[in-house]
Amino acid sequence: MRMLRSLSKLLILITLSLEVYTRNETGMEFISVTSNLTVNRGEDVMFNCNVRNLDGLQILWRKGYGVISAGESMISMDNRFSLTVGNNRHSLHIKGVKMSDEGEYSCEITTKKGIESLAHYLIVQVPPSISTIPANGIVRVKEGEPATLRCAVEGKPFPGVVWFRKDTQLNSVHPTCSNNTCITIANVKRSSAGEYFCQADNGITDPVRSRLLLTVLYKPEVWRAAEFVQGGSGDPQTLSCKVSGEPLPTVAWYKDGQLIHESNYGGVKPGIGANKENYYLHITRSTADKFGNYTCEARNSVGRARVYTELHGRPSSPAFLDSRAGSGYLTSILSWRTESYFEILEYRILYKQVKKMEWLSLSVPGNSELSQYTKGLQEMEWTLSNLESGAEHECIIQGRNVYGWGDPSNIFIFKTSSERENGGIWGQEFYSSHSKPVHPNLALLFSFAAALSSNIFIMSH
């Protein structure tokens, strides 16, 4: 049927053409003028071919070599084309203009002198459109590698393209593709992650933009809340670590190299914070059987990292409470408190005059009658003798229980009086004290304190 219809229209065209050649010219004149029309894609357009004294001559509409209509008959099969004819008016209409419609349109009249024609030129504009590559707009790149952000841009005339990071235009970024449709970040950092926008504008409509999300991949980083945690109270206790990484790492806990499963593992159960950065290991009862080395390990597709925390039963670092003059000549009484959930067996004391280099060492039993034990806090006092008159002295104390030596105290500094009063009792108003942190190297003294040359005798009380 379509073929028969086409043949029928072709016969009409031939007949009309022959008919045009046999007619006499009667002063035909174009009223319309040549035009250049610019329309946006999807809009409607009309070309006029108004003629005075047509006197029965037929008008043909062409686009290039293709015939659209002859007289009042449509030749084109495209139903978007139509005619308006009457009273010297002959107009060609196109509905919903496409890019393929762009070009020259002419109306032609064949006379004895030849073909008279009037041309119109159609320019089709296309508003800007933009899309991301890939379509989901997500670009994943490992830290330190280059990242290329791309957009596919269309429009006529071709739009200008600018790039934004959030709402700030990236003037310093050099394009790496034609027409600025892509940019490359040579060395991606974590701070490079975030939203980027490519924006296209050709003046036909408002600018359009498309969003890309740059995700920087990096191996996990893990931080522990503490390297050493004192336990043994019998109460609930929690170990923790903080994890970051992209993609989001999975985290596992180990005790002495053995994986702790998600279920309650002998009174030890993993947990996670709402922000998925903080991870916990909940211990139902902090008892000696829970002591050991715990590992917080994080893994993702880029790598893994781990930190270690020891849960132990050793004493805490002693905290000095007070110092006062002793009852004997050149003596001072020091008191301190140590946290330990197991009996402290002994204390090691180092002391010296501030201006001197040599440390004196003595060992003090922890089960002295002066020792007090309350909820893990064990208080103790001891009298130091043979001190220098009117001088500042330094003292460090370390405690030991069945699980080993704890950390040493801060350096405690106290000053004795230079006057002797009331048969050997030192004036309290001249007596002062304070403390300061132990230098790391000084803590090593405890490992060989017994080897010091001085002989210090433990005083009886």
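Atoms considered below: every heavy atom in the structure, side chains included; atoms not considered: hydrogens, waters and symmetry mates.
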Below 3.5 Å, can you tabulate the donor-acceptor pairs from side chains in residues 230-238 to any protein atom, sequence neighbours excluded?
unit_1: Gln230; atom_1: NE2; unit_2: Arg314; atom_2: O; d: 2.8
unit_1: Gln230; atom_1: NE2; unit_2: Glu339; atom_2: O; d: 2.7
unit_1: Ser233; atom_1: OG; unit_2: Asp235; atom_2: N; d: 3.1
unit_1: Gln237; atom_1: OE1; unit_2: Ser286; atom_2: OG; d: 2.5
unit_1: Gln237; atom_1: NE2; unit_2: Gln230; atom_2: O; d: 2.8
unit_1: Thr238; atom_1: OG1; unit_2: His282; atom_2: ND1; d: 3.3

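Side chain of Ser317 to backbone of Pro408: a donor-acceptor contact under 3.5 angstrom is found. Between the side chain of His90 and the backbone N or O of Glu72 there is no donor-acceptor pair closer than 3.5 Å. In this structure, the side chain of Asn300 engages the main chain of Pro247 through a donor-acceptor pair within 3.5 Å. Of the possible polar contacts, one joining the Thr111 side chain to the Lys113 backbone as a donor-acceptor pair under 3.5 Å is found. Under the 3.5 Å distance criterion, the side-chain polar atoms of Gln125 are left unmatched by any main-chain donor or acceptor of Thr38. Side-chain N or O atoms of His93 include none that pairs as donor or acceptor with a backbone N or O of Asp44 at under 3.5 Å. Here the side chain of Ser210 pairs no donor or acceptor atom with the backbone of Cys198 at under 3.5 angstrom. For Arg52 (side chain) and Ile31 (main-chain N/O), no donor-acceptor pair under 3.5 Å exists by modelled atom type. At least one donor-acceptor pair under 3.5 Å links the side chain of Asn401 to the backbone N or O of Gly313. Ser82 places no side-chain N or O within donor-acceptor distance of the main-chain N or O of Asn79, the cut-off being under 3.5 Å.
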| request: Under the side chain to side chain contact (heavy atoms under 4.5 Å, CB included) rule, what do Ser340 and Tyr403 come out as? Steps first, then yes or no, please. | output: CA-CA 10 Å; Ser340 175; Tyr403 291 101; over 6 Å; no
| Test log, rule side chain to side chain contact (heavy atoms under 4.5 Å, CB included), inputs Asp78 and Ile94 | CA-CA 10 Å; Asp78 193 333; Ile94 308 175; over 6 Å; no
| query | Going through the checks in order, is the side chain to side chain contact (heavy atoms under 4.5 Å, CB included) test met by Val51 and Asn88? | reply | CA-CA 5 Å; Val51 181; Asn88 298 326; 5.8 Å; no
| task | List the steps and the verdict of side chain to side chain contact (heavy atoms under 4.5 Å, CB included) for Ile349 and Cys395. | result | CA-CA 7 Å; Ile349 302 176; Cys395 181; 3.6 Å; yes
| Test ring-ring contact (aromatic ring centres under 6.0 Å, His included) applied to Phe414 and His393, step by step | CA-CA 5 Å; Phe414 60 97; His393 293 75; 5.5 Å; yes
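Proximity of Lys156 to Ile123: side-chain heavy atoms (C-beta onward) are separated by under 4.5 Å at one or more points. Looking at heavy atoms from C-beta onward, Ile68 lies in side-chain contact with Met74 at the 4.5 angstrom threshold. In this structure, Pro159 and Asp201 have side chains that are not in contact, with every pair of non-hydrogen atoms separated by 4.5 Å or more. In this structure, Ile260 and Tyr294 have side chains that are in contact, with non-hydrogen atoms separated by less than 4.5 Å. You'll find the side chain of Tyr254 stays beyond 4.5 Å of the side chain of Arg306, heavy atoms only. The shortest side-chain heavy-atom distance between Cys296 and Val251 falls under the 4.5 Å cut-off. Under the 4.5 Å side-chain criterion, counting only non-hydrogen atoms from C-beta, Asn293 is not in contact with Thr295. The side-chain heavy atoms of Thr110 and Leu57, taken from C-beta on, include no pair separated by under 4.5 Å.
Taking each heavy atom of Arg80 and Val97 in turn, the nearest pair found is NH1-CA, 4.1 Å. Scanning both residues, Ile396 and Trp359, for their nearest heavy atoms gives CD1-CH2, 3.7 Å. For Trp163 against Cys151, the heavy-atom pair with the smallest separation is CH2-SG, 3.9 Å. In terms of heavy-atom proximity, Trp336 sits nearest to Tyr347 at NE1-CE2, 3.2 Å. For Arg209 against Phe164, the heavy-atom pair with the smallest separation is NH2-CD1, 3.6 Å. Contact record, Arg150 with Leu212: O-CD2, 3.7 Å, taken as the closest heavy-atom pair.
Ion pair Glu379/Arg337 flagged as a salt bridge, since at least one NZ, NE, NH1 or NH2 atom sits closer than 4.0 Å to an Asp/Glu carboxylate oxygen. Ion pairing between Glu394 and Lys352 holds under the 4.0 Å rule for side-chain N and carboxylate O.
For the pairing with Val45, the side-chain contact (heavy atoms from CB on, under 4.5 Å) check across Val124, Leu37, Leu92 returns one residue only, Leu37. Among Lys219, Lys189, Arg190, the single residue meeting the side-chain hydrogen bond (donor to acceptor under 3.5 Å, both in side chains) criterion with Glu143 is Arg190.
Thr287 and Asp289 are linked by a side-chain donor-acceptor pair at a separation below 3.5 angstrom, with hydrogens and angles left out of the test. Judged purely by distance below 3.5 Å, without hydrogens or angles, the side chains of Ser316 and Thr338 never pair a donor atom with an acceptor atom.
The environment of CD in Glu154 is sparse: at most 12 heavy-atom neighbours from other residues, nucleotides or ligands sit within 6.0 Å. The number of heavy-atom neighbours closer than 6.0 Å to CG of Asp167, taken from other residues, nucleotides and ligands shown, is 12 or below.
The CZ atom of Arg165 lies 9.0 Å from the OG1 atom of Thr168; values are rounded to the nearest 0.5 Å. With rounding to the nearest 0.5 angstrom, the CD atom of Glu277 is 8.5 Å from the CH2 atom of Trp223. Glu310 CD to Leu239 CG: the interatomic distance, rounded to the nearest 0.5 Å, is 11.0 Å. Of the inter-residue distances, the one linking Glu104 atom CD with Ser117 atom OG reads 8.0 Å to the nearest 0.5 angstrom. Taken to the nearest 0.5 Å, the CG atom of Leu149 stands 9.0 Å off from the CG atom of Leu170. Atom CG in Asn179 sits 6.0 Å away from atom OG1 in Thr181 (nearest 0.5 Å).
Checked against the 6.0 Å centroid criterion, the rings of Phe81 and Trp61 do not qualify as a close aromatic pair.
The SG atoms of Cys49 and Cys107 are placed within less than 2.5 angstrom of each other.
Aromatic ring orientation, Phe47 versus Tyr105: parallel (interplanar angle below 30°, classes split at 30° and 60°).
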